[in-house]
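First the structure, in the form of structure tokens, and then the observations on it.
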Amino acid sequence: PVFVAPRRAGTTGTTAPARERSRDGEGGAPAAPRVPAAPFPDEADAESVDDDENPNARRAARASSNDSSNDSSEGPTTSLPTPGSLVALPEVPEAVGGAWRSLGRVRALGDGDPPDVTKDDASIRDAAERRAFKKEIVVLVANSRGRHLAANAIANLRSVGIEHYLLVTNTKEACEGMRRTRGSKSASGEAASWRVECAWTSFLLGHPRLATYGLTQGEERSDPFRLWWARFHLLERFVAFGYNPMYVDTDVSFRANPYPLLKGAFAKYSLIGQDETGHINGVNIGFVYAQNANVGRGAHWVLNETMARMFAILEHEPGPVKRWDGKVAAGAKEHLWDQHIYNDVLESAFFGREMRRRSGQRLIEENDGARRTWEKETMGYPMDEKSMSWDTAQVELRAEEVPRTATGAAMKLPPDARGRGSIVAREKPLVCYGATPQNTSVSSTPEYFLAAPPWFIGGWSGVAGDEGLQG
């Protein structure tokens with residue numbers, strides 16, 4: 001886990017006058033320990049500082065250079081970390097996390113080379129057995145350019161008592177960079193170091209159709225197709241093996257441990273996600289959680305069907321899928337976008353019939369209402385507000401299930417829930433189609449999807465829900 005050190009007011013680099021230290025002692029922030037100047041020391045020489053592509057590195061280098069001539073003219077100095085360097089993580093109070101505190105209660109993935117977690121089912125099972133806590137496991141993915149963000153996400157999880165994570169990178173080298181022990185010596189001389197546990201994935205690596213669909217360029221950008229689909233592959237496999245996986249984007253920030261709520265008021269729901277639009281086909285996949293799902297039904301069917309549709313497009317014969325103009329339906333955020341396909345599968349599960357509204361639209365020319373005509377007249381997909389809205393239900397919420405922050409503050413609930421012991425939940429039964437339980441003893445009662453309320457999963461400005469909870 002990484003805390004990126006901010007620049008201190010009144011300083012120009014890694015040293016500060018003694019009077020800055022005395023101000024800290026009078027109520028300011030505690031002085032940070034000495035740490036390596038480069039966030040990834042072994043990469044400092046391997047990656048040159050490019051003024052155009054890496055202005056932060058340029059500024060840090062300039063500040064470090066300035067420090068060398070900034071000697072004792074202002075008196076004794078104390079070391080401060082360079083902006084962007086690593087700072088040892090603070091201890092997490094014992095009370096944080098409660099019954100769902102997993103710090104120190106999961107196993108490492110091993111001391112050798114980072115494992116290829118998606119090599120086969122045995123590799124996935126082994127990772128789950130090592131990293132899961134009470135059958136819960138949090139999945140994150142990152143490429144080499146996203147390692148700092150991923151490390152901060154892990155530090156954030158740790159701050160609410162969660163260590164049962166599995167970070168998956170796109171290459172073995174990216175994971176090796178994350179796993180190296182770095183840090184500084186504490187006052188007692190002991191190593192104040194940390195480790196990020198991670199694995200890498202070879203999922204779809206070398207697939208001949210990736211280049212055909214223009215999906216190789218994003219490997220180190222913000223559209224890493226292989227990583228996106230590796231997460232769904234892992235979610236589907238973890239559910240099949242009896243685990244409750246949670247996927248979160250690395251820009252998700254937890255303010256409280258969510259499990260008291262997930263295992264209390266929301267225990268009925270087998271699949272949970274974030275609603276972006278207020279309609280049933282506008283689910284964001286930056287947060288996906290599955291629990292207590294029966295293999296072959298409901299939540300597991302959705303995850304399995306999502307993977308099946310991706311492969312059906314990627315390996316379509318004869319030849320790749322074409323758009324209206326005869327060109328290949330290329331692009332990671334077009335016909336093959338996991339968020340389009342996942343929403344199509346959810347709609348299919350809600351209505352009990354095959355639907356491909358979002359991914360199918362990407363094959364239709366976007367002019368003169370052609371997509372809407374295809375959607376409404378050609379395919380006959382529901383369009384009215386009632387059909388596209390969530391069902392609502394009253395869900396009991398006990399006081400002990402309300403998540404609390406590290407300071408003990410309870411999560412703020414909407415006004416209509418305070419003091420009533422219940423909240424309004426937006427939901428849909430997962431009816432599915434063609435889903436056959438592998439376990440014939442499983443009840444025919446449908447599993448449910450929960451569109452998480454905005455007070456539980458807050459979004460950015462413009463996302464559906466209370467404006468006071470946006471941003």
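All values reported here derive from a predicted model rather than from experimental measurement.
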| query | What are the two closest heavy atoms between A132 and H164, and how far apart are they? | reply | C-CB, 4.3 Å
| field | Close side-chain approach of Q339 to N343, heavy-atom, < 4.5 Å | value | yes
| task | Show your reasoning for whether side chain to side chain contact (heavy atoms under 4.5 Å, CB included) applies to K428 and D391. | result | CA-CA 6 Å; K428 274 288 185 181; D391 300 336; 3.5 Å; yes
| Under 4.5 Å between any side-chain heavy atoms of L234 and I137, yes or no? | no
| said: Tell me whether T171 contacts the main-chain N or O of A174 through its side chain, where contact means a donor paired with an acceptor under 3.5 Å. | reply: yes
| K263 atom NZ: more than 12 heavy-atom contacts under 6.0 Å | yes
| message | Within the 4.5 Å heavy-atom criterion, are V283 and V288 side-chain neighbours or not? | response | no
| field | Short side-chain to backbone donor-acceptor contact, E197 and A108, under 3.5 Å | value | no
| said: Determine whether E220 and R145 satisfy the following criterion, salt bridge (Lys or Arg N to Asp or Glu O under 4.0 Å), listing intermediate values before the conclusion. | reply: CA-CA 6 Å; E220 292 298 340; R145 289 191 174 186; 5.4 Å; no
| said: Please give me the minimum heavy-atom distance between A349 and V302, naming the atom from each residue. | reply: CB-CG2, 4.0 Å
| query | Is the count of non-hydrogen atoms from other residues, nucleotides or ligands lying under 6.0 Å from R372 atom CZ greater than 12? | reply | no
| Hey, does R357 have a side-chain heavy atom less than 4.5 Å from the side chain of E375? | yes
| query | Within a reach of under 6.0 Å around CD of E91, are more than 12 heavy atoms found that belong to other residues, nucleotides or ligands? | reply | no
| task | Kindly compute the distance separating CG (N257) from OG (S102), expressed to the nearest 0.5 Å. | result | 8.0 Å
| request: For this output row, return yes or no: ring centroids of W228 and F203 closer than 6.0 angstrom. | output: no
| task | May I ask you to test the R101-Y259 pair for a side-chain heavy-atom distance under 4.5 Å? | result | no
| How long is the span from the CZ atom in F351 to the OH atom in Y381, to the nearest 0.5 Å? | 11.0 Å
| request: State, without any angle test, whether R226 and T118 hold a side-chain donor-acceptor pair at a distance under 3.5 Å. | output: no
| message | Quick check: closest heavy atoms across L336 and F225, and the distance to 0.1 Å? | response | O-CE1, 3.7 Å
| field | Residues D384 and K386 bridged, charged N to O under 4.0 Å | value | no
| Are Y289 and F266 near enough that their ring centres are under 6.0 Å apart? | no
| task | Identify the heavy atoms of L346 and L271 that sit nearest to each other, and give their distance. | result | CD2-CD2, 4.0 Å
| Pair D120-S123, side chain to side chain donor-acceptor pair (under 3.5 Å): steps then yes or no | CA-CA 5 Å; D120 49 34; S123 300; 2.8 Å; yes
| query | Mind checking whether F232 and Y342 have ring centres under 6.0 Å apart? | reply | yes
| Could you state the interatomic distance from CZ (R131) to CZ (R107), rounded to the nearest 0.5 Å? | 10.0 Å
| Do any N or O atoms from the side chain of R358 and from the backbone of D344 form a donor-acceptor pair under 3.5 angstrom? | no
| message | We want to know whether H207 and E315 form a side-chain donor-acceptor pair, criterion being a heavy-atom distance below 3.5 angstrom. | response | yes
| Do D126 and K119 pass the salt bridge (Lys or Arg N to Asp or Glu O under 4.0 Å) test, and can you show the C-alpha distance, the side-chain angles, and the key distance before you say yes or no? | CA-CA 11 Å; D126 181 66; K119 178 181 179 182; over 6 Å; no
| remark: Output for pair (I272 CD1, E427 CD), nearest 0.5 Å, gives 11.5 Å
| Residue pair L103, R158: steps toward the side chain to side chain contact (heavy atoms under 4.5 Å, CB included) verdict | CA-CA 7 Å; L103 301 183; R158 184 177 181 273; 3.8 Å; yes
| said: One pair to check against side chain to side chain contact (heavy atoms under 4.5 Å, CB included): T373 and D368. What are the steps and the verdict? | reply: CA-CA 9 Å; T373 299; D368 298 327; over 6 Å; no
| Within 6.0 Å of NZ in K134, more than 12 heavy atoms from elsewhere | yes
| field | E305 (side chain) donor-acceptor with V345 (main chain) under 3.5 angstrom | value | no
| query | So, the side chain of S348 versus the backbone of M355: is there a donor-acceptor pair under 3.5 Å, distance only? | reply | yes
| Does the side chain of V138 reach to within under 4.5 Å of the side chain of F254, using non-hydrogen atoms? | no
| query | Any side-chain donor paired with an acceptor under 3.5 Å for H335 and R362? | reply | no
| request: Working to the nearest 0.5 Å, report the span between OG1 of T392 and CD1 of I423. | output: 12.5 Å
| query | Quick one: does Y269's side chain have a donor or acceptor within less than 3.5 Å of a partner on A451's backbone? | reply | no
| task | Show your working on side chain to side chain contact (heavy atoms under 4.5 Å, CB included) between E219 and N143 and close with a plain yes or no. | result | CA-CA 7 Å; E219 189 79 10; N143 55 21; over 6 Å; no
| Which pair of non-hydrogen atoms, one from V252 and one from N156, has the smallest distance, and what is that distance? | O-OD1, 4.1 Å
| Side-chain heavy-atom pair M310, H233 within 4.5 angstrom cut-off | no
| message | Would the distance check show the side chain of D223 and the main-chain N or O of A332 forming a donor-acceptor pair, the cut-off being under 3.5 Å? | response | no
| note | Tightest non-hydrogen contact, residues Q394 and S422, listed as OE1-OG, 3.0 Å
| message | If I take atom CG from residue N281 and atom CD from residue E276, how far apart are they, to the nearest 0.5 angstrom? | response | 11.0 Å
| Contact check, side chains of R125 and Y243, non-hydrogen atoms, under 4.5 Å | no
| said: With a 4.0 Å cut-off on N to O distance, would you call R323 and E334 a salt bridge? | reply: no
| query | Does N244 reach the main-chain N or O of N292 with its side chain, forming a donor-acceptor pair under 3.5 Å? | reply | yes
| E365 atom CD, over 12 foreign heavy atoms within 6.0 Å | yes
